[in-house]
Amino acid sequence: EGMRDLKTIRIEKENASVDLNRSKSTLGVKHFQTHTYVSLDNSTKHYIVSAQGDMDREISYLISSNAKVTEYKNMSNEKRFSFDGHVDLKLNFHVPSSCKVFSLPKATNVLASGNDVKFEYVGVKKANVKIVCEY
């Protein structure tokens with residue numbers, strides 16, 4: 001609570017599971033080396049719930065970005081992100097097969113590996129991304 005500028009929390013556990021359905025104001029999770037990083041939205045109060053077992057892989061979420069998330073909306077089957085950066089954008093999402101991703105402007109390169117989708121933009125420092133899922 002009270003965090004205005006800090007938008008990432010590091011958990012000192014490799015592959016920690018986060019219950020994104022029950023967590024509030026969390027954008028996503030990144031597992032890197034021996035840590036787990038949880039991305040937070042612009043709220044000043046956050047509620048992160050540890051998941052029992054593996055994370056739900058049928059939920060879309062942000063893995064990483066090189067820009068600030070200026071707006072985030074989480075609706076029942078749709079998530080919307082607005083990004084604002086200082087360099088060409090690089091965005092990485094977990095997108096289950098039941099979901100579709102839309103980007104405005106359109107990404108220059110889209111690289112998919114399983115359910116992870118990377119968007120790379122050339123000459124673009126702001127973008128809006130919408131993920132729509134059929135649950």
Side-chain angles (χ1 to χ4, degrees):
E1 189 172 338
M3 297 185 302
R4 296 180 199 273
D5 296 322
L6 180 65
K7 297 301 169 199
T8 305
I9 292 181
R10 182 175 75 192
I11 299 172
E12 298 294 325
K13 182 178 179 187
E14 187 174 8
N15 296 322
S17 293
V18 176
D19 186 335
L20 295 172
N21 281 325
R22 293 179 38 218
S23 296
K24 303 293 182 226
S25 69
T26 56
L27 304 174
V29 176
K30 178 179 183 176
H31 303 287
F32 181 71
Q33 295 179 345
T34 60
H35 306 294
T36 300
Y37 296 87
V38 180
S39 298
L40 306 171
D41 70 7
N42 292 325
S43 303
T44 57
K45 207 177 217 182
H46 305 282
Y47 183 69
I48 301 169
V49 178
S50 177
Q52 301 301 317
D54 293 333
M55 284 184 55
D56 185 349
R57 303 301 288 170
E58 293 305 312
I59 295 175
S60 62
Y61 58 87
L62 176 69
I63 297 172
S64 64
S65 76
N66 66 345
K68 182 177 181 178
V69 177
T70 56
E71 188 174 348
Y72 173 66
K73 292 185 181 177
N74 185 2
M75 296 158 271
S76 61
N77 67 334
E78 183 177 308
K79 293 181 182 180
R80 293 182 184 208
F81 300 84
S82 293
F83 297 92
D84 189 357
H86 299 287
V87 297
D88 291 356
L89 292 178
K90 292 185 180 181
L91 313 174
N92 189 5
F93 295 91
H94 174 81
V95 182
S97 59
S98 62
C99 304
K100 293 185 181 181
V101 183
F102 305 92
S103 171
L104 196 64
K106 192 173 183 177
T108 307
N109 295 309
V110 178
L111 309 164
S113 175
N115 287 337
D116 291 352
V117 180
K118 293 180 182 179
F119 293 91
E120 297 177 345
Y121 300 80
V122 175
V124 175
K125 296 170 180 57
K126 292 183 180 186
N128 296 308
V129 175
K130 176 171 68 170
I131 303 174
V132 180
C133 300
E134 294 179 16
Y135 297 119

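Counting from 1, the numbers follow the sequence of the chain as shown.
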Nearest atoms (heavy-atom pairs only) where [X] meets [Y]:
X	Y	value
L89	G85	CD2-N, 4.2 Å
V110	V117	CG1-CG1, 3.7 Å
S60	C99	CB-SG, 4.4 Å
N21	K24	O-NZ, 4.3 Å
S98	E58	OG-OE1, 4.1 Å

How many angstroms lie between atom [atom1] of [X] and atom [atom2] of [Y], to the nearest 0.5 angstrom?
X	Y	atom1	atom2	result
S50	K13	OG	NZ	6.0 Å
H46	S23	NE2	OG	11.5 Å
I48	D19	CD1	CG	12.0 Å
H94	I131	NE2	CD1	9.5 Å
I63	N115	CD1	CG	9.0 Å
L27	N74	CG	CG	9.0 Å

Could you label the plane-to-plane angle of the F81 and Y72 rings as parallel, tilted or perpendicular, counting under 30° as parallel and over 60° as perpendicular? tilted

Is it the case that K30 places NZ or CZ above or below the six-membered ring of Y37, under 6.0 angstrom from the centre and within 45 degrees of the axis?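 Not satisfied by the 6.0 Å and 45° rule.
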
Is the closest side-chain donor-acceptor distance between H35 and E12 under 3.5 Å?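 Checked: H35/E12 side chains pair up, N/O donor to acceptor below 3.5 Å.
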
Ion pair present between D88 and K125, side-chain N to carboxylate O less than 4.0 angstrom?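 Looking at K125 together with D88, the answer is yes, because their closest N to O distance falls below 4.0 Å.
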
Taking 4.0 angstrom as the limit, do E78 and R80 come out as a salt bridge? yes

Using the side chain to side chain contact (heavy atoms under 4.5 Å, CB included) rule, take T70 and F83 through it: C-alpha gap first, then chi angles, then the decisive distance, then the call. CA-CA 6 Å; T70 56; F83 297 92; over 6 Å; no

Backbone N or O of V122 within a donor-acceptor pair of the T108 side chain at under 3.5 Å?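 Indeed, once roles are kept as given, a pair shorter than 3.5 Å links the two residues.
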
Honestly curious: do V95 and F119 fall in one hydrophobic cluster under the side-chain, below-4.5 Å linking rule? yes

